[in-house]
Amino acid sequence: MDTANPGRNTTRRALLAGGAALAAVGAAGFVWRASRSPRVRALLGIPEPVLDIAALKPAIPPVPLPEAMLVDAAGNPHPLSSFAGSGLVLNFWATWCAPCVAEMPALASLARRVAGDGIRVLAAASDSGGAAAVSRFFDRYGIDTLQVWLDPANAAGLALGTHGVTPTTIIIDRRGRETARLEGAVHWDTAAAVAEVRRLAG
């Protein structure tokens, strides 16, 4: 450290922090691409997502949801109670979270497969960049089955007890009750996962 020139040290720290942030963004995109190939994942030492849907922790009995709000792409708040009547797969994520990025294709596929069952997949992002950041991410990676939902400052996640852990997914039944949750990434589009989501959210 240059004790004679504290201004130079501040500039150096700022440059290092900026470089780290850019590297994190680039790494997330790289993980996304690599996640599509098991061989690449193995070569790079990228851990596989959780494969066993049995890792879901059931809520017995189902738990009524606390008051919490999600925000849509236009900035309008929506209480979770407004989704009553639909089954929900509520996923808390962020574009800078590598495991979240890795599981997003499977969540998008799950959304397509359960749409006809009256089950919605809500991927609520806590990115500080808001709707613009999530929209760019969806456009870049061809995610066209998920809507932009936001959880500013992780307020809804904290209300539901996620403790800021991303990704965390909560399964909610048509009566607005939590039936199961899981921390970590999952292959949500396997036959077993789709069947379990239908059972828990139905």
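Fair warning: this is a prediction, and the values are worked out from it, not measured in the lab. Note that the numbering runs from 1 along the sequence shown for the chain.
With rounding to the nearest 0.5 angstrom, the CD atom of Glu183 is 10.0 Å from the OG1 atom of Thr166. The line from NZ of Lys57 to CG of Leu182 is 8.0 Å long, rounded to the nearest 0.5 Å. Summarising the geometry, atom CG belonging to Leu90 is positioned 6.0 Å from atom CG belonging to Leu80; distances are rounded to the nearest 0.5 Å. We find the CG-CZ distance between Leu110 and Arg198 to be 8.5 Å, quoted to the nearest 0.5 Å.
Here the side chain of Asp127 pairs no donor or acceptor atom with the backbone of Gly130 at under 3.5 angstrom. Under the 3.5 Å distance criterion, the side-chain polar atoms of Ser135 are matched with a main-chain donor or acceptor of Ala131.
Contact annotation: the side chain of Pro152 never approaches that of Ser126 to less than 4.5 Å [non-hydrogen atoms, C-beta and beyond]. Using a 4.5 Å heavy-atom cutoff, the side chains of Val121 and Asn91 are not in contact. Residues Leu70 and Leu150 are not in side-chain contact: their nearest non-hydrogen atoms beyond the backbone lie 4.5 Å or more apart. Using a 4.5 Å cut-off on side-chain heavy atoms (C-beta onward), Leu107 and Met104 make contact. Contact check for Leu200 versus Ile172: no side-chain heavy atoms found under the 4.5 Å cut-off. By the 4.5 Å heavy-atom criterion applied to side chains, Phe92 and Ile170 are counted as neighbours. Looking at heavy atoms from C-beta onward, Tyr141 lies out of side-chain contact with Thr95 at the 4.5 angstrom threshold. Proximity of Ile171 to Arg181: side-chain heavy atoms (C-beta onward) are nowhere separated by under 4.5 Å.
Note on Leu65: it does not cluster hydrophobically with Val71, by side-chain heavy-atom contacts below 4.5 Å among ILVMFWY residues. Cluster membership for Ile143 and Trp188, using ILVMFWY side-chain heavy atoms within less than 4.5 angstrom, is shared. By the rule that hydrophobic residues join a cluster once side-chain heavy atoms approach within less than 4.5 Å of another member, Val194 and Ile53 end up as members of one cluster. Side-chain heavy atoms closer than 4.5 Å link hydrophobic residues (I, L, V, M, F, W, Y) into clusters, and following such links, even through other members, never connects Leu88 to Leu56. By the rule that hydrophobic residues join a cluster once side-chain heavy atoms approach within less than 4.5 Å of another member, Leu122 and Val148 end up as members of separate clusters.
Screening residues 141-152 for salt bridge (charged side-chain N to carboxylate O under 4.0 Å, His left out) gives Arg112-Asp144 as the qualifying pairs, with residues at least two apart or on separate chains.
Remark: aromatic rings of Trp149 and Phe83 are close, center separation under 6.0 Å. Checked against the 6.0 Å centroid threshold, Phe137 and Trp93 count as a close aromatic pair.
Arg174 approaches Gly118 most closely through the heavy-atom pair NH1-O, 3.1 Å.
Using a 3.5 Å distance cut-off with no hydrogens or angles, the side chains of Asp173 and Thr179 do not pair a donor with an acceptor.
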